[in-house]
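In what follows, a structure is listed as structure tokens, so that the remarks can point back to it.
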Amino acid sequence: MKPYPVSLLRHRLKESAAQCGFIACGMTPVAPVADWRQAAVRRWLDEGRAAGMSYLLRHYALRCDPRLVEPSARTVVSVALPYDMKPSFAPDALRLSRYALGSDYHDVVKNRLRQMVRLLGFDPACDGRICCDTAPVDERYWAWRTGVGRWLRSGLISVRGHGTCVVLGEWLAPFPMADAEVAADTVPPLPPAEECLRCGRCLAACPGGALGGGGLDARRCLSYLSIEHRGAFPDCDEHTPARRAALSRCFYGCDRCAEVCPHNAHPLPADAIPEELRPRPALLCRSAQEWRAMTVETYRELFRGSAVKRAKYEGLMRNLETQDSDI
């Protein structure tokens, strides 16, 4: 395939991405993930910080090189789509993490990426591969690498002017980049330190003390425990009471690090959020008593086409049962 001039390609990509509602889009030639990132992830896995997410260990090699995921890939295209940071919950309502209040972001991002690929004259069914959080791709690394966002100490990606309340997607595209601009497209030895304000707010706000120098520790992370973890909550350290207390309001996920981050000081207006990712009213107005009385049938109705199904009905009820019954 004939290489595309970089300047023209970037212009066409950004134009098409904006048409599809993406607030940021970047690209870079496909290559193995930088050595420092590979080493950091390997150390993170070896220290057990992935908790029960064994698939991260199994797919480690794939995440180190997109060409192992999609052999035809020549360019990594990264995009970001915003979700609502400040929905209005009822006064006595229990909460779900904000990204999960609309339709399943996996489907939303993939559908919009397919639309973007078609606008560029490619066939999403056979030209490269479209990814959103389910393929073994190091999404935050590529979002940073392509210039889509800044990498913060919390591990979140912040898109300039929009903050961290974004979901990411990638197109492992089959076309190569070519012209003099590519020669300057080199990987810094480490992420620039100025990308994060290093105010320490996210570390202080984390209910389980999951953030630190070694990266996120999923064993202490409320999002991992309330979504990915199966079975009873572990009673393994001094942070467990704090995790359970934190569940008294948010029973699926945790937004604490995003809520206190200065990058989110000016959230987008509601009408700037893609319609599919806007909060479903039924998830904002239910009382604590109604949530606790939720049946399997109600669960299926409320979360049809929702990312919340990742936790399953049993997981949500377990989360609800750990809370203070006075709330």
Side-chain angles (χ1 to χ4, degrees), residues 20-23 50-53 55-56 59 78-87 89 93-115 130-140 143 154-157 159 162-170 216 218 221-230 247 249-259 264 267-268 270 273-286 291 294 296-320:
C20 297
F22 295 114
I23 55 172
M53 295 181 284
Y55 57 87
L56 293 176
H59 297 154
S78 177
V79 294
L81 200 63
Y83 61 86
D84 199 350
M85 176 60 187
K86 293 194 178 297
F89 292 93
L94 298 177
R95 303 180 181 184
L96 296 90
S97 192
R98 292 174 176 87
Y99 80 84
L101 292 172
S103 297
D104 190 335
Y105 70 93
H106 302 92
D107 298 331
V108 175
V109 172
K110 285 182 177 180
N111 287 338
R112 288 178 179 248
L113 272 172
R114 292 185 187 104
Q115 180 186 357
I130 286 171
C131 309
C132 178
D133 200 25
T134 53
V137 174
D138 195 339
E139 291 196 317
R140 293 178 183 181
S154 61
L156 300 176
I157 290 292
V159 175
H162 297 89
T164 70
C165 294
V166 296
V167 287
L168 304 171
E170 300 79 38
L216 176 85
C221 175
L222 201 58
S223 281
Y224 167 77
L225 289 169
S226 62
I227 300 172
E228 297 284 338
H229 179 71
R230 300 293 180 253
L247 273 173
R249 280 299 176 189
C250 193
F251 67 95
Y252 177 93
C254 177
D255 291 331
R256 271 46 162 215
C257 56
E259 288 171 344
N264 295 327
L268 292 174
I273 307 300
E275 184 175 356
E276 309 99 304
L277 295 182
R278 293 177 190 173
R280 299 176 177 182
L283 301 182
L284 301 179
C285 63
R286 293 179 68 82
W291 279 120
M294 180 172 58
V296 174
E297 290 73 22
T298 303
Y299 162 81
R300 289 172 179 164
E301 179 182 347
L302 286 172
F303 298 116
R304 185 177 292 112
S306 165
V308 175
K309 284 200 168 183
R310 175 74 175 175
K312 305 185 184 303
Y313 173 75
E314 294 78 11
L316 290 188
M317 298 311 294
R318 172 205 60 190
N319 296 346
L320 289 163

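Only heavy atoms go into these numbers, but all of them, side chains included; no hydrogens, no water, no symmetry mates.
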Review point. Given side chains that start at C-beta, do those of Glu170 and Val79 come closer than 4.5 Å, heavy atoms only?
Key: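 A side-chain contact is absent here, since even the closest heavy-atom pair is not under 4.5 Å.
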Practice item. Find out whether Cys257 and Leu156 are in side-chain contact, i.e. whether some heavy atom of one side chain is under 4.5 Å from a heavy atom of the other. Key: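 Result yes, sub-4.5 Å side-chain heavy-atom pair found.
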Practice item. Given side-chain contact (heavy atoms from CB on, under 4.5 Å), test Asn111 with Glu276 step by step and report yes or no. Key: CA-CA 11 Å; Asn111 287 338; Glu276 309 99 304; over 6 Å; no
Check your understanding: Does anything in residues 95-109 pair up under salt bridge (charged side-chain N to carboxylate O under 4.0 Å, His left out), and if so which pairs, sequence neighbours excluded?
Key ->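 Listed once each, the pairs are Arg98-Asp255, Arg98-Glu259.
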Could you work out, with side-chain hydrogen bond (donor to acceptor under 3.5 Å, both in side chains) as the rule, every residue matching [X], not counting sequence neighbours?
X	answer
Ser223	none
Glu139	none
Ser103	none
Arg278	none

Of the non-hydrogen atoms in [X] and [Y], which two are nearest, and what is the gap between them?
X	Y	answer
Leu222	Cys254	CB-CB, 3.7 Å
Leu94	Phe89	O-CD2, 4.1 Å
Phe22	Val109	CZ-O, 4.0 Å
Ala258	Met85	O-CE, 3.6 Å

Point to revise | Residue pair Thr298, Arg286: steps toward the side-chain contact (heavy atoms from CB on, under 4.5 Å) verdict | key: CA-CA 12 Å; Thr298 303; Arg286 293 179 68 82; 4.0 Å; yes
Check your understanding: With Leu283, which residues qualify under side-chain contact (heavy atoms from CB on, under 4.5 Å), at least two apart?
Key ->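 In terms of side-chain contact (heavy atoms from CB on, under 4.5 Å), with neighbours along the sequence ignored, Leu283 is linked to Leu101, Arg280, Trp291, Leu302, Phe303.
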Exercise for review: Not counting sequence neighbours, which residues clear side-chain contact (heavy atoms from CB on, under 4.5 Å) with Ala80? List them please.
Suggested key: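 Per chain and number, Ala80 pairs via side-chain contact (heavy atoms from CB on, under 4.5 Å) with Ile23, Ala24, Val148, Val159, Val166, Leu168.
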Point to revise | Residues in ring pair (Phe, Tyr, Trp, His ring centres under 6.0 Å) contact with Tyr99, at least two apart in sequence or another chain | key: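 Tyr99 satisfies ring pair (Phe, Tyr, Trp, His ring centres under 6.0 Å) with Tyr105 only.
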Review point. For Tyr83, what residues pass the ring pair (Phe, Tyr, Trp, His ring centres under 6.0 Å) criterion, not counting sequence neighbours?
Key: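 Partners of Tyr83 by the ring pair (Phe, Tyr, Trp, His ring centres under 6.0 Å) criterion come out as none, since no residue qualifies.
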Point to revise | Approximate separation, where rounding is to 0.5 Å, of Ser306 OG and His106 NE2 | key: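 If I round to the nearest 0.5 Å, the distance is 10.5 Å.
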Check your understanding: Looking at SG of Cys250 and CG of Leu96, how far apart are the two atoms once the value is rounded to the nearest 0.5 Å?
Key ->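 Rounded to the nearest 0.5 Å, the SG-CG separation comes out at 6.5 Å.
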**Study point:** side-chain hydrogen bond (donor to acceptor under 3.5 Å, both in side chains) contacts touching residues 309-319 (sequence neighbours left out)
**Key:**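 Every side-chain hydrogen bond (donor to acceptor under 3.5 Å, both in side chains) pair that includes a residue of residues 309-319, provided the two are not neighbours, is Glu228-Arg310.
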